[in-house]
Amino acid sequence: MLYALSTCEWCHKTKTLLEELGVAFDYDYVDLLEGNERNAALDTIEKWNRSGMFPTLIIDNKRTIMGFREQEIREAFAV
């Protein structure tokens with residue numbers, strides 16, 4: 001699951017990298033969510049990433065990668 005901001009260059013780069021790697025993933029642009037959906041996303045992000053940094057990539061509910069870390073993302077998906 002990728003939590004991103006619609007205006008964030010690094011978020012777009014992360015999304016593009018995941019697409020290039022052929023990784024199946026869901027994503028939310030948190031800044032475009034409203035009400036309970038936004039609150040739920042922010043609560044999830046806080047559990048995995050106390051700094052609130054974007055993008056936040058949560059892998060299989062076991063691991064998180066914060067920010068655009070290309071090598072770490074490639075290694076996480078063994079590509």
Side-chain angles (χ1 to χ4, degrees):
M1 180 66 185
L2 175 64
Y3 291 98
L5 299 174
S6 65
T7 58
C8 169
E9 175 184 348
W10 300 111
C11 297
H12 287 287
K13 285 184 175 209
T14 301
K15 185 175 177 275
T16 299
L17 177 60
L18 292 171
E19 290 168 346
E20 288 173 2
L21 295 174
V23 174
F25 69 100
D26 293 315
Y27 70 94
D28 278 329
Y29 287 130
V30 177
D31 57 322
L32 301 180
L33 298 176
E34 296 180 358
N36 290 338
E37 280 186 313
R38 184 178 182 137
N39 291 337
L42 291 171
D43 286 346
T44 300
I45 292 166
E46 186 176 328
K47 287 178 189 174
W48 289 92
N49 172 7
R50 297 224 179 246
S51 70
M53 174 186 238
F54 288 95
T56 296
L57 177 61
I58 301 171
I59 304 169
D60 296 329
N61 282 322
K62 296 177 183 172
R63 177 178 178 189
T64 186
I65 299 174
M66 298 168 285
F68 179 71
R69 301 189 190 287
E70 182 174 356
Q71 190 60 35
E72 194 172 339
I73 292 168
R74 287 182 182 279
E75 289 171 4
F77 296 103
V79 177

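On a predicted model such as this, the values are computed, not experimentally measured, just so you know.
- For the side chain to side chain contact (heavy atoms under 4.5 Å, CB included) with Ile73, the lone residue among Ile59, Val23, Thr14 that qualifies is Thr14.
- Among all heavy-atom pairs drawn from Arg74 and Leu21, the shortest one is NH1-CD2, 3.4 Å.
- Annotation: Asp43, atom CG; neighbour count of heavy atoms from other residues, nucleotides and ligands within 6.0 Å is above 12.
- Taking the six-membered ring where tryptophan is involved, the planes of Tyr27 and Tyr29 are perpendicular, since the angle between them exceeds 60° and thus also 30°.
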Checklist line | side chain to side chain contact (heavy atoms under 4.5 Å, CB included) evaluation trace for Arg63 with Glu72 | finding: CA-CA 11 Å; Arg63 177 178 178 189; Glu72 194 172 339; 3.3 Å; yes
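- In plain terms, the two heavy atoms of Met66 and Ser51 that are nearest each other are SD-OG, 4.4 Å.
- The nearest pair of heavy atoms linking Ile45 to Gly52 is CG2-CA, 4.4 Å.
- Screening residues 34-71 for ring-ring contact (aromatic ring centres under 6.0 Å, His included) gives Trp10-Phe68 as the qualifying pairs, with residues at least two apart or on separate chains.
- For residues 17-36, the salt bridge (Lys or Arg N to Asp or Glu O under 4.0 Å) pairs, not counting sequence neighbours, are Lys15-Glu19.
- With no hydrogens or angles considered, no side-chain donor-acceptor pair links Thr64 and Asn49 at under 3.5 Å.
- No continuous path of hydrophobic side-chain contacts links Met53 to Leu57 [ILVMFWY only; heavy atoms under 4.5 Å].
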Next item on the list: Could you walk me through whether Ile58 and Thr44 pass the side chain to side chain contact (heavy atoms under 4.5 Å, CB included) test, one step at a time?
Entry: CA-CA 10 Å; Ile58 301 171; Thr44 300; 3.9 Å; yes
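- Smallest separation of non-hydrogen atoms from Leu2 and Cys11: CD2-O, 4.4 Å.
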